[in-house]
Amino acid sequence: MLKKVAIVGGGITGLTTALFLSKKNFEVTLFEKNKLLMETSSKTTQLIHGGLRYLESFQLKEVQNGLNDRAWWFRNFPNETKEISFLIPFQKKNIDFYKHFLGVKFYDFLAGNQNLSSSKIADYKTIEGFGLLPNFQKGIIFSDGHMKETLSQKLIEQTKANQVSLIEEHEINVLDSNGKVGNEIYDAVIISAGPWTKELLDRNNIFTKFDIDYIKGSHLVFEHYLNPESSAGFMLPDINKERYIFVLPTSKGTLVGTTEVPINHPNYHSINKFEEDYLIESINNYFVKKFKRDAIIDSYSGVRPLIKKGSNDFHNASRDFVIEKQGKLFSIFGGKWTTSPSIARKIVKMLST
Ligand SMILES: Cc1cc2nc3c(=O)[nH]c(=O)nc-3n(C[C@H](O)[C@H](O)[C@H](O)COP(=O)(O)OP(=O)(O)OC[C@H]3O[C@@H](n4cnc5c(N)ncnc54)[C@H](O)[C@@H]3O)c2cc1C
C-alpha cells in the first residue's frame with residue numbers, strides 16, 4: 001500500500017521533498033499557508049552554490065555537499081539554471097589575494113568533475129572594462145550557479161505532474177507525532193515550514209531540542225547598472241571588511257545583497273534605512289559610477305532560519321540542516337535553497353526504512 005505523507009510548508013524544502021517522495025511512489029499532500037515558494041525561498045540572492053565563503057570557516061563537508069547539489073540543479077533543470085562568474089577585486093597581490101586564490105582553486109577541486117569554468121586570476125587588462133575604480137588592478141574570477149526566474153515555476157510544474165497534491169492558502173495549526181494533521185491521519189508528517197518550524201511545534205506543545213536564530217537578509221534592486229545579458233557579477237568585501245556582498249545582473253535590474261540582522265520573529269520583516277545605507281556605502285567603495293538611492297527600483301527581505309549554535313558570527317554560521325524525528329513527525333531545521341535535494345534525499349531514506 002502507498003504510504004500517505006503530509007508536508008507542511010511549500011517553500012523550496014517542502015517542494016523538493018515532495019518531488020523526491022513522489023518519485024518513490026509515496027502519496028504526497030503538501031499544505032502551504034500562502035502561495036508556493038513565496039516566503040524565504042523567493043528572497044534569496046538567486047545563487048545555486050556550495051558557498052565559497054564557508055571555506056573560510058572550514059565547512060568543507062557542507063561546501064562539497066552544496067556543490068554536489070549545484071550539479072543536481074544543473075543536470076535536472078538545464079534551461080532554468082545558468083553559470084555566472086564573479087569577480088573579487090583587489091588593489092594589489094597581497095596575502096589576502098593569494099588566500100582567496102587558494103580558496104577558489106580549492107572550491108573548484110571540491111566540485112571535482114562537476115566543476116563549472118575554472119577559476120582564474122584577472123589582470124588589469126581583463127578587469128579594465130568592469131567599471132571599477134582605478135585602484136583595483138587585480139582580480140580573482142570564479143564561477144557559480146544562478147537560478148533563472150523560470151526555475152520555481154518549472155519545479156512546481158514537475159511536482160504537480162508527479163501527482164503531488166499541492167494545497168495553497170491552507171494553514172496547518174494542529175498536528176502531532178502520531179500522524180495527525182488537522183482531522184486527517186498520515187503515515188508520516190514532514191514540517192518544512194522554514195523560519196516557522198519551531199513556532200509550529202511550540203504551538204502544538206511538541207518539544208524540540210533545536211532552536212532557531214532568525215537572521216534577516218535584505219536585497220536592493222537597482223536599475224540596470226550591470227548589463228542584464230551579462231553573466232558576470234561581483235563578490236565584494238563589505239565596508240567593514242567583515243563579510244561579502246554580491247552584485248549581480250538579473251533581468252529585472254542589478255541585484256545587491258545581502259545583510260544580516262538578528263530579529264525576534266520571522267513575520268513582518270522589511271529592509272530598514274541602516275541596511276540600505278550599509279549596502280550602498282559598501283558597493284560604492286568599488287565602482288566609478290555610484291549606486292544612487294533614487295536608482296533603487298525594488299527591495300526585499302527574508303529570514304534565514306539558522307540552527308542556533310550560541311555564536312553571533314551569523315555570516316559564517318553553518319547553513320547545514322537537521323531532521324528531527326519524533327514518532328511519525330519529521331521536523332526540518334536549517335538548510336539552503338541549493339541543498340534542498342540533500343534534505344529530500346535524507347527524508348526519502350528515513351521514510352523508506
Ligand atoms: C537573504 C537571503 C539570501 C539567501 N540566498 C540564498 C542563495 O543565494 N542560495 C541558496 O541556496 N540559499 C539562499 N538562502 C537560503 C534559502 O533562501 C533558504 O534556506 C530556503 O529558502 C528555505 O526554504 P524553506 O522551504 O525551508 O523555507 P520557506 O521558503 O520560508 O518555506 C516555508 C513555507 O512554510 C509555510 N508555512 C509556515 N507555517 C505554515 C503552516 N503552519 N501551515 C502551512 N504552511 C506554513 C510558509 O508560508 C513558507 O512558504 C538565502 C536566504 C536569505 C534569507
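When a ligand or atom number is given, it counts from 1 through the structure's own listing order.
Every residue was checked against the ring pair (Phe, Tyr, Trp, His ring centres under 6.0 Å) condition with F101, not counting sequence neighbours, and none meets it. Not counting sequence neighbours, Y278 has no partner by the ring pair (Phe, Tyr, Trp, His ring centres under 6.0 Å) test.
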Write none if no such pair exists; otherwise list each N/O atom of ligand 1 with its protein N/O partner under 3.5 Å and the distance.
from	atom 1	to	atom 2	distance (Å)
ligand 1	5 (N)	T45	N	3.2
ligand 1	8 (O)	T45	N	3.4
ligand 1	8 (O)	L47	N	3.1
ligand 1	9 (N)	L47	O	2.8
ligand 1	11 (O)	W337	N	3.2
ligand 1	11 (O)	T338	N	2.8
ligand 1	11 (O)	T338	OG1	2.6
ligand 1	12 (N)	W337	N	3.3
ligand 1	19 (O)	G335	O	3.1
ligand 1	21 (O)	S41	N	3.4
ligand 1	21 (O)	S41	OG	3.0
ligand 1	23 (O)	S41	OG	3.2
ligand 1	25 (O)	I12	N	3.1
ligand 1	25 (O)	T13	N	3.1
ligand 1	25 (O)	T13	OG1	3.3
ligand 1	26 (O)	T13	OG1	2.8
ligand 1	29 (O)	S41	N	2.9
ligand 1	29 (O)	S41	OG	2.5
ligand 1	30 (O)	T40	N	3.4
ligand 1	30 (O)	T40	OG1	2.5
ligand 1	41 (N)	I172	O	2.8
ligand 1	42 (N)	I172	N	3.0
ligand 1	44 (N)	K33	N	3.0
ligand 1	47 (O)	E32	OE2	2.7
ligand 1	49 (O)	E32	OE1	2.7
ligand 1	49 (O)	E32	OE2	3.2

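At most 12 non-hydrogen atoms from other residues, nucleotides or ligands lie less than 6.0 angstrom from NZ of K349. For F109, the CZ atom counts as loosely surrounded, since its 6.0 Å shell holds 12 or fewer non-hydrogen atoms of other residues, nucleotides or ligands.
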N/O donor to acceptor pairs below 3.5 angstrom from side-chain atoms of residues 10-17, sequence neighbours left out:
from	atom 1	to	atom 2	distance (Å)
T16	OG1	I12	O	2.8
T16	OG1	S340	OG	3.1
T17	OG1	T13	O	2.6

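Between the side chains of N68 and Q114, at least one donor-acceptor pair of N or O atoms lies under 3.5 Å.
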